[in-house]
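Heads up, the thing below is written out as C-alpha coordinates.
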2 protein chains.
Amino acid sequence: MNILEQADAAETRPCTSVGQLIAALGKTAMRRFAAALEPAGIKPRHLNALLSLRAGETSQQGLAEAIKVDSVQLVGLLNDLESEGLVERRRDPADRRRHIVAISCKGEQRLVALDAAVDEVDDGLLAGLDPHERGVLHGLLLRIAANADGDTATPCPSETDGASPD
Amino acid sequence: MNILEQADAAETRPCTSVGQLIAALGKTAMRRFAAALEPAGIKPRHLNALLSLRAGETSQQGLAEAIKVDSVQLVGLLNDLESEGLVERRRDPADRRRHIVAISCKGEQRLVALDAAVDEVDDGLLAGLDPHERGVLHGLLLRIAANADGDTATPCPSETDGASPD
DNA sequence: TATTGTTATACTCTATAACTATA
DNA sequence: TATAGTTATAGAGTATAACAATA
(Lines give C-alpha, C1' and ligand atoms only; values in the text may rest on other atoms or scores of the structure.)
Protein backbone atom coordinates (compact mmCIF):
# COMPACT_ATOMS: atom_id res chain seq x y z
CA MET A 1 0.00 0.00 0.00
CA ASN A 2 1.64 3.23 -1.06
CA ILE A 3 1.20 6.62 0.45
CA LEU A 4 -1.51 7.73 -1.93
CA GLU A 5 -3.75 4.70 -1.51
CA GLN A 6 -3.33 5.10 2.21
CA ALA A 7 -4.55 8.66 1.94
CA ASP A 8 -7.74 7.53 0.22
CA ALA A 9 -8.33 4.94 2.90
CA ALA A 10 -7.95 7.56 5.58
CA GLU A 11 -10.33 9.90 3.81
CA THR A 12 -13.34 7.97 5.08
CA ARG A 13 -14.34 10.29 7.95
CA PRO A 14 -12.06 9.15 10.75
CA CYS A 15 -12.78 9.28 14.44
CA THR A 16 -9.81 11.42 15.39
CA SER A 17 -9.47 14.57 13.31
CA VAL A 18 -6.16 15.69 11.85
CA GLY A 19 -6.06 18.65 14.20
CA GLN A 20 -6.63 16.47 17.24
CA LEU A 21 -3.96 14.12 16.01
CA ILE A 22 -1.53 17.00 15.64
CA ALA A 23 -2.42 18.23 19.12
CA ALA A 24 -1.89 14.78 20.66
CA LEU A 25 1.33 14.12 18.78
CA GLY A 26 2.54 17.60 19.63
CA LYS A 27 2.18 16.78 23.30
CA THR A 28 4.07 13.52 22.81
CA ALA A 29 6.82 15.30 20.89
CA MET A 30 7.07 17.99 23.53
CA ARG A 31 7.37 15.41 26.30
CA ARG A 32 10.13 13.59 24.44
CA PHE A 33 12.04 16.77 23.69
CA ALA A 34 11.78 17.79 27.31
CA ALA A 35 13.11 14.39 28.38
CA ALA A 36 15.93 14.49 25.82
CA LEU A 37 16.98 18.01 26.82
CA GLU A 38 16.77 17.40 30.54
CA PRO A 39 20.33 15.97 30.83
CA ALA A 40 21.56 19.19 29.22
CA GLY A 41 19.77 21.17 31.92
CA ILE A 42 17.50 23.04 29.55
CA LYS A 43 13.92 22.84 28.28
CA PRO A 44 12.41 23.01 24.81
CA ARG A 45 11.89 26.77 25.12
CA HIS A 46 15.56 27.34 25.83
CA LEU A 47 16.41 25.37 22.74
CA ASN A 48 13.93 27.38 20.67
CA ALA A 49 15.49 30.59 21.91
CA LEU A 50 19.00 29.39 21.04
CA LEU A 51 17.90 28.23 17.61
CA SER A 52 16.29 31.55 16.89
CA LEU A 53 19.36 33.43 18.06
CA ARG A 54 21.56 31.28 15.87
CA ALA A 55 19.91 32.98 12.92
CA GLY A 56 20.96 36.38 14.29
CA GLU A 57 20.77 38.62 17.32
CA THR A 58 17.67 40.62 18.15
CA SER A 59 15.99 42.55 20.89
CA GLN A 60 14.14 40.63 23.57
CA GLN A 61 10.87 41.75 22.10
CA GLY A 62 11.89 40.49 18.68
CA LEU A 63 12.97 37.17 20.12
CA ALA A 64 9.76 36.86 22.10
CA GLU A 65 7.77 37.32 18.92
CA ALA A 66 9.94 34.89 16.96
CA ILE A 67 9.56 31.98 19.36
CA LYS A 68 6.04 32.93 20.45
CA VAL A 69 6.95 33.31 24.10
CA ASP A 70 5.57 36.13 26.18
CA SER A 71 8.23 38.81 26.68
CA VAL A 72 7.54 38.56 30.41
CA GLN A 73 8.33 34.88 30.40
CA LEU A 74 11.34 35.43 28.20
CA VAL A 75 13.11 37.32 30.98
CA GLY A 76 13.56 34.27 33.18
CA LEU A 77 14.34 32.15 30.14
CA LEU A 78 17.22 34.43 29.16
CA ASN A 79 18.38 34.62 32.77
CA ASP A 80 18.80 30.84 32.68
CA LEU A 81 20.70 30.92 29.39
CA GLU A 82 22.81 33.89 30.41
CA SER A 83 23.77 32.37 33.76
CA GLU A 84 25.13 29.39 31.85
CA GLY A 85 26.96 31.67 29.46
CA LEU A 86 24.99 30.49 26.44
CA VAL A 87 23.70 33.93 25.49
CA GLU A 88 24.75 37.51 26.15
CA ARG A 89 22.67 40.60 26.78
CA ARG A 90 23.91 44.08 25.99
CA ARG A 91 22.30 47.49 25.68
CA ASP A 92 21.37 48.76 22.25
CA PRO A 93 23.41 52.00 21.81
CA ALA A 94 20.75 53.33 19.47
CA ASP A 95 17.96 52.84 22.00
CA ARG A 96 19.16 52.24 25.51
CA ARG A 97 15.84 50.74 26.55
CA ARG A 98 16.54 47.74 24.36
CA HIS A 99 18.58 44.69 25.21
CA ILE A 100 20.31 43.09 22.26
CA VAL A 101 20.43 39.34 22.83
CA ALA A 102 23.05 37.25 21.07
CA ILE A 103 24.09 33.63 21.27
CA SER A 104 27.59 33.14 22.67
CA CYS A 105 30.34 30.92 21.31
CA LYS A 106 29.61 28.45 24.09
CA GLY A 107 25.96 28.64 23.14
CA GLU A 108 26.73 27.72 19.54
CA GLN A 109 28.80 24.78 20.69
CA ARG A 110 26.06 23.62 23.01
CA LEU A 111 23.64 23.85 20.12
CA VAL A 112 25.67 21.31 18.15
CA ALA A 113 25.25 18.71 20.89
CA LEU A 114 21.61 19.67 21.22
CA ASP A 115 21.03 19.18 17.51
CA ALA A 116 22.06 15.57 17.96
CA ALA A 117 19.53 15.14 20.77
CA VAL A 118 16.85 16.69 18.60
CA ASP A 119 17.66 14.36 15.74
CA GLU A 120 17.38 11.40 18.08
CA VAL A 121 13.91 12.42 19.20
CA ASP A 122 12.90 13.02 15.60
CA ASP A 123 14.14 9.60 14.68
CA GLY A 124 12.17 7.98 17.46
CA LEU A 125 8.99 9.86 16.56
CA LEU A 126 9.24 9.13 12.85
CA ALA A 127 10.47 5.57 13.26
CA GLY A 128 7.59 4.19 11.22
CA LEU A 129 8.25 6.44 8.22
CA ASP A 130 10.88 6.07 5.53
CA PRO A 131 13.02 9.07 4.55
CA HIS A 132 10.80 10.02 1.66
CA GLU A 133 7.66 9.94 3.76
CA ARG A 134 9.41 12.06 6.35
CA GLY A 135 10.15 14.59 3.67
CA VAL A 136 6.53 14.62 2.56
CA LEU A 137 5.36 15.07 6.12
CA HIS A 138 7.87 17.84 6.72
CA GLY A 139 6.74 19.71 3.64
CA LEU A 140 3.09 19.50 4.62
CA LEU A 141 3.76 20.62 8.17
CA LEU A 142 5.85 23.56 6.98
CA ARG A 143 2.97 24.72 4.85
CA ILE A 144 0.57 24.46 7.76
CA ALA A 145 2.99 26.38 9.94
CA ALA A 146 3.38 29.05 7.28
CA ASN A 147 -0.37 29.38 7.06
CA ALA A 148 -0.86 29.57 10.83
CA ASP A 149 2.28 31.60 11.37
CA GLY A 150 0.61 34.11 13.64
CA ASP A 151 -0.09 31.35 16.14
CA THR A 152 2.86 29.03 15.80
CA ALA A 153 6.40 29.28 17.13
CA THR A 154 8.76 29.22 14.16
CA PRO A 155 12.36 29.72 15.25
CA CYS A 156 13.54 29.88 11.64
CA PRO A 157 10.70 31.23 9.49
CA SER A 158 13.08 32.03 6.66
CA GLU A 159 13.06 28.36 5.69
CA THR A 160 9.31 28.35 5.47
CA ASP A 161 9.05 29.71 1.94
CA GLY A 162 12.27 28.10 0.82
CA ALA A 163 10.34 25.40 -1.02
CA SER A 164 8.65 28.10 -3.12
CA PRO A 165 5.18 26.50 -3.22
CA ASP A 166 3.53 26.38 -6.66
CA MET B 1 5.14 21.53 -8.03
CA ASN B 2 3.55 18.38 -6.71
CA ILE B 3 3.76 16.97 -3.24
CA LEU B 4 6.65 14.63 -3.98
CA GLU B 5 8.94 17.26 -5.51
CA GLN B 6 8.16 19.46 -2.56
CA ALA B 7 9.32 16.68 -0.26
CA ASP B 8 12.69 16.55 -1.99
CA ALA B 9 13.05 20.30 -1.60
CA ALA B 10 12.35 20.04 2.11
CA GLU B 11 14.86 17.23 2.53
CA THR B 12 17.75 19.69 2.55
CA ARG B 13 18.45 19.73 6.30
CA PRO B 14 15.96 22.29 7.58
CA CYS B 15 16.37 24.51 10.59
CA THR B 16 13.27 23.33 12.40
CA SER B 17 13.03 19.57 12.77
CA VAL B 18 9.85 17.64 12.03
CA GLY B 19 9.42 16.85 15.70
CA GLN B 20 9.77 20.47 16.71
CA LEU B 21 7.33 21.41 14.01
CA ILE B 22 4.84 18.88 15.33
CA ALA B 23 5.33 20.16 18.86
CA ALA B 24 4.78 23.79 17.81
CA LEU B 25 1.79 22.99 15.64
CA GLY B 26 0.37 20.80 18.38
CA LYS B 27 0.39 23.76 20.70
CA THR B 28 -1.31 25.90 18.09
CA ALA B 29 -3.92 23.23 17.47
CA MET B 30 -4.53 22.81 21.19
CA ARG B 31 -5.02 26.54 21.64
CA ARG B 32 -7.50 26.68 18.80
CA PHE B 33 -9.44 23.68 20.03
CA ALA B 34 -9.58 25.20 23.50
CA ALA B 35 -10.88 28.45 22.03
CA ALA B 36 -13.42 26.66 19.85
CA LEU B 37 -14.71 24.53 22.72
CA GLU B 38 -14.85 27.37 25.23
CA PRO B 39 -18.35 28.54 24.20
CA ALA B 40 -19.54 24.99 24.87
CA GLY B 41 -18.10 25.21 28.36
CA ILE B 42 -15.68 22.33 27.96
CA LYS B 43 -12.00 21.81 27.21
CA PRO B 44 -10.15 19.53 24.81
CA ARG B 45 -9.81 16.88 27.50
CA HIS B 46 -13.53 16.72 28.01
CA LEU B 47 -13.99 16.27 24.30
CA ASN B 48 -11.41 13.49 24.23
CA ALA B 49 -13.21 11.72 27.04
CA LEU B 50 -16.56 11.99 25.28
CA LEU B 51 -15.07 10.77 22.01
CA SER B 52 -13.52 7.79 23.71
CA LEU B 53 -16.76 6.97 25.47
CA ARG B 54 -18.67 7.18 22.21
CA ALA B 55 -16.78 4.06 21.20
CA GLY B 56 -18.10 2.24 24.27
CA GLU B 57 -18.32 2.43 28.05
CA THR B 58 -15.36 1.51 30.25
CA SER B 59 -14.04 1.79 33.75
CA GLN B 60 -12.40 5.04 34.77
CA GLN B 61 -9.06 3.34 34.70
CA GLY B 62 -9.66 2.13 31.18
CA LEU B 63 -10.77 5.56 30.09
CA ALA B 64 -7.76 7.17 31.73
CA GLU B 65 -5.48 4.88 29.77
CA ALA B 66 -7.34 5.44 26.51
CA ILE B 67 -7.11 9.21 26.55
CA LYS B 68 -3.75 9.29 28.34
CA VAL B 69 -5.03 11.28 31.30
CA ASP B 70 -3.97 10.46 34.82
CA SER B 71 -6.76 8.62 36.63
CA VAL B 72 -6.45 11.20 39.41
CA GLN B 73 -7.11 14.00 37.00
CA LEU B 74 -9.89 12.09 35.34
CA VAL B 75 -12.00 12.34 38.49
CA GLY B 76 -12.55 16.07 38.19
CA LEU B 77 -12.95 15.75 34.45
CA LEU B 78 -15.80 13.28 34.84
CA ASN B 79 -17.31 15.37 37.63
CA ASP B 80 -17.60 18.22 35.14
CA LEU B 81 -19.15 16.04 32.48
CA GLU B 82 -21.48 14.31 34.91
CA SER B 83 -22.69 17.56 36.44
CA GLU B 84 -23.75 18.62 32.95
CA GLY B 85 -25.41 15.28 32.37
CA LEU B 86 -23.10 14.36 29.51
CA VAL B 87 -21.84 11.13 31.08
CA GLU B 88 -23.09 8.74 33.72
CA ARG B 89 -21.19 6.79 36.35
CA ARG B 90 -22.49 3.57 37.83
CA ARG B 91 -21.00 0.81 39.93
CA ASP B 92 -19.76 -2.31 38.23
CA PRO B 93 -21.86 -5.15 39.73
CA ALA B 94 -19.02 -7.59 39.10
CA ASP B 95 -16.51 -5.48 41.04
CA ARG B 96 -18.07 -2.80 43.18
CA ARG B 97 -14.82 -0.88 43.36
CA ARG B 98 -15.14 -0.01 39.71
CA HIS B 99 -17.14 2.79 38.18
CA ILE B 100 -18.49 2.12 34.73
CA VAL B 101 -18.53 5.35 32.77
CA ALA B 102 -20.88 5.77 29.83
CA ILE B 103 -21.80 8.67 27.60
CA SER B 104 -25.41 9.82 28.01
CA CYS B 105 -27.92 10.57 25.30
CA LYS B 106 -27.39 14.26 25.95
CA GLY B 107 -23.67 13.65 25.71
CA GLU B 108 -24.02 12.07 22.28
CA GLN B 109 -26.11 15.00 21.10
CA ARG B 110 -23.56 17.46 22.43
CA LEU B 111 -20.88 15.55 20.60
CA VAL B 112 -22.59 16.20 17.29
CA ALA B 113 -22.37 19.96 17.81
CA LEU B 114 -18.81 19.55 19.03
CA ASP B 115 -17.85 17.61 15.92
CA ALA B 116 -18.80 20.67 13.89
CA ALA B 117 -16.55 22.86 16.02
CA VAL B 118 -13.71 20.36 15.61
CA ASP B 119 -14.17 20.34 11.85
CA GLU B 120 -14.00 24.09 11.80
CA VAL B 121 -10.70 24.14 13.66
CA ASP B 122 -9.35 21.43 11.38
CA ASP B 123 -10.38 23.46 8.37
CA GLY B 124 -8.62 26.52 9.70
CA LEU B 125 -5.46 24.61 10.49
CA LEU B 126 -5.32 22.81 7.16
CA ALA B 127 -6.46 25.79 5.10
CA GLY B 128 -3.35 25.65 2.94
CA LEU B 129 -3.80 21.99 2.00
CA ASP B 130 -6.14 20.48 -0.56
CA PRO B 131 -8.29 17.46 0.37
CA HIS B 132 -5.83 14.96 -1.04
CA GLU B 133 -2.91 16.45 0.85
CA ARG B 134 -4.97 16.42 4.00
CA GLY B 135 -5.55 12.73 3.48
CA VAL B 136 -1.85 12.10 3.00
CA LEU B 137 -1.05 14.07 6.14
CA HIS B 138 -3.69 12.23 8.10
CA GLY B 139 -2.33 8.87 7.03
CA LEU B 140 1.21 9.78 8.00
CA LEU B 141 0.16 11.15 11.37
CA LEU B 142 -1.90 8.06 12.10
CA ARG B 143 1.14 5.91 11.49
CA ILE B 144 3.26 8.03 13.79
CA ALA B 145 0.57 7.85 16.44
CA ALA B 146 0.36 4.08 16.05
CA ASN B 147 4.09 3.83 16.46
CA ALA B 148 4.20 6.09 19.51
CA ASP B 149 0.96 4.75 20.89
CA GLY B 150 2.28 4.30 24.37
CA ASP B 151 2.84 8.04 24.64
CA THR B 152 0.02 9.51 22.62
CA ALA B 153 -3.63 10.03 23.46
CA THR B 154 -5.67 8.16 20.85
CA PRO B 155 -9.38 8.32 21.67
CA CYS B 156 -10.17 5.88 18.88
CA PRO B 157 -7.16 3.63 18.37
CA SER B 158 -9.23 1.04 16.52
CA GLU B 159 -9.04 3.18 13.40
CA THR B 160 -5.28 3.23 13.56
CA ASP B 161 -4.57 -0.01 11.73
CA GLY B 162 -7.30 0.40 9.17
CA ALA B 163 -9.59 -2.13 10.81
CA SER B 164 -13.22 -1.07 10.59
CA PRO B 165 -15.13 -2.52 13.55
CA ASP B 166 -18.91 -2.64 13.05
C1' DT C 1 3.17 59.95 27.29
C1' DA C 2 4.79 55.56 25.13
C1' DT C 3 7.98 51.68 25.06
C1' DT C 4 11.56 48.00 26.85
C1' DG C 5 12.55 45.21 30.17
C1' DT C 6 11.59 43.64 34.83
C1' DT C 7 9.12 42.05 39.03
C1' DA C 8 5.12 40.39 41.51
C1' DT C 9 0.84 37.96 41.49
C1' DA C 10 -2.64 34.73 40.33
C1' DC C 11 -4.59 31.11 37.69
C1' DT C 12 -4.30 26.67 35.18
C1' DC C 13 -2.28 22.21 34.37
C1' DT C 14 0.13 18.36 36.03
C1' DA C 15 2.34 15.05 39.25
C1' DT C 16 2.66 12.85 44.03
C1' DA C 17 1.05 11.10 48.34
C1' DA C 18 -2.44 9.76 51.34
C1' DC C 19 -7.31 8.24 52.29
C1' DT C 20 -11.94 5.12 51.48
C1' DA C 21 -14.18 1.24 50.10
C1' DT C 22 -14.06 -2.84 48.11
C1' DA C 23 -11.65 -7.27 46.80
C1' DT D 1 -2.46 -7.07 51.03
C1' DA D 2 -3.84 -5.09 46.63
C1' DT D 3 -6.90 -2.37 43.61
C1' DA D 4 -10.44 1.56 42.00
C1' DG D 5 -11.64 5.73 42.93
C1' DT D 6 -11.22 9.99 45.57
C1' DT D 7 -9.08 13.95 47.91
C1' DA D 8 -5.42 17.22 49.15
C1' DT D 9 -1.26 19.39 48.09
C1' DA D 10 2.77 21.05 45.69
C1' DG D 11 5.15 22.02 41.35
C1' DA D 12 5.57 23.78 36.64
C1' DG D 13 3.60 26.61 33.00
C1' DT D 14 1.04 30.65 31.65
C1' DA D 15 -1.30 35.12 31.71
C1' DT D 16 -2.13 39.87 33.84
C1' DA D 17 -0.88 44.05 36.28
C1' DA D 18 2.23 47.21 38.09
C1' DC D 19 6.98 49.28 38.21
C1' DA D 20 11.76 51.45 36.60
C1' DA D 21 14.50 53.27 32.97
C1' DT D 22 14.58 55.41 28.63
C1' DA D 23 12.68 57.60 24.55
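So that the names make sense, note that chain A is the first sequence line, chain B the second, and so on, each numbered from 1.
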Query raised in the report: Will you find, in the side chains of A/D92 and A/H99, an N or O donor that is under 3.5 Å from an N or O acceptor?
Result: no
Report summary line: B/D80 CG to D/dT6 C1', in whole Å, measures 15 Å
**Report entry** Side-chain ion pair, B/E84 and B/K106, N-O less than 4.0 Å
**Finding:** no
Report task. Group every Ile, Leu, Val, Met, Phe, Trp and Tyr by side-chain heavy-atom contacts under 4.5 Å, then state whether A/V121 and A/M30 land in the same group. Result -> no
**Report entry** Residue pairs, two or more places apart or on separate chains, that pass salt bridge (Lys or Arg N to Asp or Glu O under 4.0 Å) and touch residues 49-65 of chain A
**Finding:** A/R54-A/D115, A/E57-A/R90
Query - Distance in angstrom units between A/N79 CG and C/dG5 P, rounded - result: 13 Å
Query raised in the report: Testing B/L140, B/I22, B/L141 for side-chain contact (heavy atoms from CB on, under 4.5 Å) with A/L21, which one passes?
Result: B/L141
**Report entry** Residues touching DNA chain D, which here means a heavy atom under 4.0 Å, drawn from residues 21-54 of chain A
**Finding:** A/K43, A/R45
Query raised in the report: Got a salt bridge between A/E38 and A/K43, using NZ or NE/NH1/NH2 to carboxylate O under 4.0 Å?
Result: no
Query - Polar side-chain atom of B/H138 near backbone of A/T16 as donor-acceptor pair, under 3.5 Å - result: yes
Report task. Name every residue in residues 69-78 of chain A that has at least one heavy atom under 4.0 Å from any atom of DNA chain D, in order of residue number, or write none if there are no such residues. Result -> A/D70, A/V72, A/Q73
Query raised in the report: Separation of B/E82 atom CD from D/dG5 atom P, in whole Å?
Result: 13 Å
Query raised in the report: Between B/Q60 and B/R98, do the side chains contain an N or O donor and an N or O acceptor separated by less than 3.5 Å?
Result: no
Requested in this report: Look up atom CG in A/D80 and atom CD in A/E82, then write down how far apart they are to the nearest 0.5 Å.
Outcome: 10.5 Å
Query raised in the report: Of the nucleotides C/dT7, D/dA4, C/dG5, which has the atom closest to the B/Q61 side chain?
Result: D/dA4
Requested in this report: Applying side-chain hydrogen bond (donor to acceptor under 3.5 Å, both in side chains), name anything that partners A/D123, two or more places apart in sequence or on another chain.
Outcome: A/R134
Query raised in the report: Does any residue of residues 87-103 of chain B have a heavy atom under 4.0 Å from DNA chain C, and if so, which ones, in number order?
Result: B/D95, B/R96, B/R97
Query raised in the report: Between atom CD in A/Q60 and atom C1' in D/dT22, what is the gap in whole Å?
Result: 15 Å
Query raised in the report: In whole Å, what is the span from the NZ atom of A/K68 to the P atom of D/dT14?
Result: 15 Å
Report summary line: Sorted by chain and residue number, the side-chain hydrogen bond (donor to acceptor under 3.5 Å, both in side chains) partners of B/Q73 (sequence neighbours excluded) come out as none
